[in-house]
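Chain A is the first sequence line, chain B the second, and so forth, proteins listed ahead of strands; every chain is numbered from 1.
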Number of protein chains: 4
Amino acid sequence: MDYFFAPGRNHLFVPGPVNIPEPVIRAMNRNNEDFRSPAIPALTRTLLEDVKKIFKTTSGTPFMIPTTGTGAWESALTNTLSPGDRIVSFLIGQFSLLWIDQQQRLNFNVDVIESDWGEGAKLDILASKLAADSAHTIKAICIVHNETATGVTNNLVAVRRILDDYRHPALFLVDGVSSICALDFRMDEWGIDVALTGSQKALSLPTGMGIVCASPKAFEASKTAKSVRVFFDWGDYLKTYKTGTFWPYTPSIHLLYGLRAVLDLIFEEGLDNVIGRHRRLGKATRLAVEAWGLKNCTQREEWFSDTVTAIVVPPYIDSAEIVSRAWKRYNLSLGLGLNKVAGKVFRIGHLGYLNELQLLGCLAGVEMVLKDVGYPVKLGSGVAAASAYLQNNTPMIPSRI
Amino acid sequence: MDYFFAPGRNHLFVPGPVNIPEPVIRAMNRNNEDFRSPAIPALTRTLLEDVKKIFKTTSGTPFMIPTTGTGAWESALTNTLSPGDRIVSFLIGQFSLLWIDQQQRLNFNVDVIESDWGEGAKLDILASKLAADSAHTIKAICIVHNETATGVTNNLVAVRRILDDYRHPALFLVDGVSSICALDFRMDEWGIDVALTGSQKALSLPTGMGIVCASPKAFEASKTAKSVRVFFDWGDYLKTYKTGTFWPYTPSIHLLYGLRAVLDLIFEEGLDNVIGRHRRLGKATRLAVEAWGLKNCTQREEWFSDTVTAIVVPPYIDSAEIVSRAWKRYNLSLGLGLNKVAGKVFRIGHLGYLNELQLLGCLAGVEMVLKDVGYPVKLGSGVAAASAYLQNNTPMIPSRI
Amino acid sequence: MDYFFAPGRNHLFVPGPVNIPEPVIRAMNRNNEDFRSPAIPALTRTLLEDVKKIFKTTSGTPFMIPTTGTGAWESALTNTLSPGDRIVSFLIGQFSLLWIDQQQRLNFNVDVIESDWGEGAKLDILASKLAADSAHTIKAICIVHNETATGVTNNLVAVRRILDDYRHPALFLVDGVSSICALDFRMDEWGIDVALTGSQKALSLPTGMGIVCASPKAFEASKTAKSVRVFFDWGDYLKTYKTGTFWPYTPSIHLLYGLRAVLDLIFEEGLDNVIGRHRRLGKATRLAVEAWGLKNCTQREEWFSDTVTAIVVPPYIDSAEIVSRAWKRYNLSLGLGLNKVAGKVFRIGHLGYLNELQLLGCLAGVEMVLKDVGYPVKLGSGVAAASAYLQNNTPMIPSRI
Amino acid sequence: MDYFFAPGRNHLFVPGPVNIPEPVIRAMNRNNEDFRSPAIPALTRTLLEDVKKIFKTTSGTPFMIPTTGTGAWESALTNTLSPGDRIVSFLIGQFSLLWIDQQQRLNFNVDVIESDWGEGAKLDILASKLAADSAHTIKAICIVHNETATGVTNNLVAVRRILDDYRHPALFLVDGVSSICALDFRMDEWGIDVALTGSQKALSLPTGMGIVCASPKAFEASKTAKSVRVFFDWGDYLKTYKTGTFWPYTPSIHLLYGLRAVLDLIFEEGLDNVIGRHRRLGKATRLAVEAWGLKNCTQREEWFSDTVTAIVVPPYIDSAEIVSRAWKRYNLSLGLGLNKVAGKVFRIGHLGYLNELQLLGCLAGVEMVLKDVGYPVKLGSGVAAASAYLQNNTPMIPSRI
């Protein structure tokens, strides 16, 4: 039942799907249940309440849809917008590209602001567009918080500020797929109207749940949005929220129990500690990259991502060979370079349920692979740089003091 | 982590989600994996090939979409039809009703042929509509093979014959959610253009995978279908089929491994034996209902369903009370009556990974609940009728002879 | 990985190993751990405290030994007795026979009091032996509380009374393997000196933990007992209890977590409710046997066991054929007749994590098997008798009211 | 259900219990079964055959006893020897000490040959004892192949040669607890009479199965051995081997399925590759220790263990503090120094289902802990030394080439 057997654990460092905590695997190890019995609504009720905490919202309404991030995107767009609506969208890498493709195919009028891959969103252009839009033809701003392909984190606070500066009523839609639950994310404080994530990212669950959270303003917009939608329609969910049955169609009971378990772990660790852990692991990874003499694909420090690092390889090396060799020789799963950066970068995902020594094992593996493919890395150099930082900055495990 | 604890096993007799076989639970008990490594495509390749067998198709193309049956419906419709297209759809119970609601919201021109709940599709009306449609304005016939709300199985062979009789080119779209892998279903032989099912039904998996299978004709239609679709678009899948990467977005690795395991079990038992087992359990259930002096909601024998039996209770009893009491006293999960038949019927789902003694335990439980709520059942009568049939008709377990 | 595949669940009605609750399977679904970290001692500490509750003792000292019931027997004997010591032991069936065999091979001087299989211990003979033993040459009374081979429950209160009547200081050693946690058992109140059980019986765990509980008097005896013992030595455990490390050698971490989970379930249900449930299922089983016109192997009502029922078949039937056929045709696992009653009885185990409908499914299966082998049973008769009783006596599930 | 929660995986580097492969955890994720059905004997039959391969024996008879290594010791001794028998036993560390303690408590006349902790067995003394024993009063030689406390591997070939040189008929009993399935071990070729291991060591299973393998000569000896034994008696097993029922008492079905799964993994990797992997990881660990400027507790290269490395810390450091801190800060489980070397050494277990990057993560963690406790380690130095070796010596994963 396992394909391509290898001894020892797989070292999973793609930026999703990520490692599932053992207690979460346990929680999902179960038979099906009748989702119409009182048990599942009782469970769902706790989830709808608690899942808001990871969005840092009290006023938002979450929808836990049996879909992926791509479906969550579609739900965010079709519930709030009408065909032909003008939206501003930032193209900074493969995932923002895919979202824009979806926006166009859903017949929105997409005003794309493109950056070089490795750069963040050009917010100055957004500002000028808003400045020019006194008629408020722009209905929404769509931005990927953390571009998983290039390891670029956009500044959502700045987006909010620009919107506020121009008193622009556009909806603020955010893909938080590789950020929420790992990076600092504050839906209410930052005035985000729709935020979304997928279960297999920082939530450390299997794929299959897209979580979309709608602000009251987004919810208001949904009443007049004319995009065709059924499966992804918030209205159908809201009806069941009112009756307390909670599900317009069958949910994945396994993911509900898994979500319950992972939220319990997150709250036990403390969401801010979770975010701090990601900051620590991100920093350590970047120090290793520097020690190896390699360049971060992310072009400025302000955009450094604490969930994924895209590393540029020298021109004489094919980054796909690094990924392939890591898997074939060391049972290490790294992320490929995608599209424009295919062959040029490889990626280390450092998000989800992960700790310092797991990362150091990965970094040691990357060093060996780099050497394998002919890059003159000094073995141990990246680990040394990372562990010097970690040894100074890792807190004691609270429950064990 | 369990809500509303009760000793002993839950007896799960709702018509989905159904019991997951222990080997399948085992197969899904695992960490995430990189779905871009060679392992997942290798696994997917076997699944795409083998899943066709449960549709009995060699020419169809399957899509294993991370969604539910509702999403599978949407995929079937939006990939083959354009807004405004005229379709004929049969309303015979809650699930056909919901599909029709979706069809209407997706802006098709739905020509509804309604039956009383408990009756099958009125195929004579279909015939007259086709007869009158020499212009071929009807683009598709949509039918639910097995209406889960009333336990009615429609005759797909007859639908095909009518289409053939009138040489009508309409697409033939079939919801096989509570039939495929349990009832006799022959996609190629019966000329079905799109067939679909959900993982949590006869496939005995958790919820989360909608499987849609498209005939070459449906696939041809998809090239010109103008319905807006992205997440559910077949085209995106087909591109990845060609490259051998197989997934336009992240699949649920757990469900893939689960599907592999359950297909292995099905093929080990033999698909025809699986269908024979459902026939046997369906018949046994109906014999019990008869022995109890109760009426099957299904009004004619030709429509009897071998996956779910809806049982009409006397007017002085609220069927919801039966369902509630079964759960509260005997840890037995039965199906509620839905919509028009709410309070009037309760349902026994007898599909998926189930055997004779499990069913007899359920029937014994139903008898006790009936007595609890004041119906003068003779305890043991239904079990006696069912087991008389089963004792005569249950084969030896082949692997154990 | 499964031998002799069959569709649907296995109906496990041997009197051990019994069904493991799903939450317990989950709790054991884990990697190994360092048993010398603070985590395992912290867990062990709760277990040693809580496991006493299922023995109903506050003064006893439990030992959770990585062994089976046979090893627990050996631990009970070798820690309290010296070679040549005279002990009185009751032979009433296969398991008491095996214990006596062990006693003899451990070089004790065993004074066997034999009963016909199906009868309980002859306590009047014990009384006369004690009466004659003013010199107190009898060092211990060994008795199996519930003889699993014949379904006979001995009266431990009466044994205690006899010992008290004669003010006899003999140790009172009790095999509670198929009783503790299912039948009424009160170590302190009944003055039991050593009580023992195995994890795979009423505790509903996998095999592998023998739990032995020693009274202060037994513990005192262990200081002078000269039987050779190392692996089973209580002294080695006691040393680690004092240091708080708890384990003289590596424990099964999985069984420790499993035990924690199952104790939590037992306390949630309430130990007295657990015992009440066994009483109810035992009674229902016996009513079915009666309805079938078959004889209980247990010869008097006072000895009826609420954990296992041995059923005598007519002379023209081989009971082994019943067991074999149940497994081969209905995926039903029944207990064989052992030794003297081989071929003559088959056994239904009704202990552990089990509820009413599971039992009724089993009884329906037994009826079909009986018919299969030519016994003129009226199908449904046993189920009717059992469910008439259960429908009157099963309480609502407290958490679901 | 988890004590002392920490984010990310536990890094388990104690020399047992070790990491369980995910496919093995899966295989054990199941309900109990009737061990008297045909399924368990069929499974057992394959295990008894295949388990011989890990001992490299064709003539031996294995016993898979529900016990621990301590019980396996007891079974080896009591089945082959009689009280008062003279045996020669080597004391070289904590586990040999414990075995000797058991030997003495079982009333053998133990002739102890003691070494300094960190040294191997003094085989010259054995030679002189055998030379002096023309009367063949020595009945057995007991030796621990790999002393887990000090990381010393004894030379079994040399022991055999000495026995042969003196044509001495003493039985050759070997504790292979931390060697079999990890180190080169050849029962037949080396003329070992009883070899034993525990499931939680290199077999990577949970604790609970002691596997003892007896040569024909040992088996012959068992016929006259007078040591008292019941639970551990081979004879009881042999009787069931003849009847094909295989179990004198209830086995742990979970461990049987787990063993089946792990043997499949071992044979898929290839036993010699498994041993080669341990050699590689052992060497890498020792290179790291050297790079850190620390001393291996093992005093000569010939004794270096490829399954565990005991590392001597400078006198100003308490090694227990290292172990404690590793667990409390980095979720890293290291082995304590035991008894004579308590506080002086800490241990890295590198056995079982483990690969290169797991080890490098551990080594990186050890470096940080060393720095934490004030040892002036150069961070990255050990990882660099180990990975330089591993990068040169790790083969491609065969299934992935």
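Among A:Gly8, A:Gly365, A:Gly352, A:Ser204, the residue with the largest count of heavy-atom pairs under 4.5 Å with chain D is A:Gly8. No other option in A:Leu332, A:Asn19, A:Leu265, A:Asn392 has as many heavy-atom pairs under 4.5 Å with chain D as A:Leu265.
Within the model, atoms CZ of A:Arg329 and CG of D:Leu357 stand 10.5 Å from one another, a figure rounded to the nearest 0.5 Å.
When D:Glu356, D:Arg277, D:Gln358 are each tested for a side chain to side chain contact (heavy atoms under 4.5 Å, CB included) with A:Pro7, only one passes: D:Arg277.
Residues D:Met396 and A:Arg325 meet the side-chain proximity criterion, which asks for heavy atoms closer than 4.5 Å. With a 4.5 Å cut-off on side-chain heavy atoms, D:Met368 and A:Leu360 count as touching.
Within residues 373-382 of chain A, the residues that have a heavy atom under 4.5 Å from a heavy atom of chain D are A:Lys378, A:Leu379, A:Gly380, listed by number.
The closest donor-acceptor contact from the side chain of A:Arg400 to the backbone of D:Trp327 lies under 3.5 Å. The closest donor-acceptor contact from the side chain of D:Ser399 to the backbone of A:Phe5 lies under 3.5 Å. At distances below 3.5 Å, at least one donor-acceptor pair connects side-chain atoms of A:Asn355 with backbone N or O atoms of D:Arg9.
Of the two parts of D:Pro395, only the backbone, made up of N, CA, C and O, holds a non-hydrogen atom closer than 4.5 Å to a non-hydrogen atom of chain A. Proximity to chain D involves both the backbone and the side chain of A:Asp372, based on heavy atoms less than 4.5 angstrom apart. For D:Asn331, the parts sitting under 4.5 Å from any heavy atom of chain A are the backbone and the side chain alike. With a 4.5 angstrom heavy-atom cutoff, D:Asn29 touches chain A only via side-chain atoms. The parts of D:Leu390 that come within reach of chain A are both its backbone and its side chain, each placing non-hydrogen atoms under 4.5 angstrom from that chain. Looking at D:Leu354, the atoms closer than 4.5 Å to chain A (heavy atoms on both sides) all sit in the backbone: N, CA, C or O.
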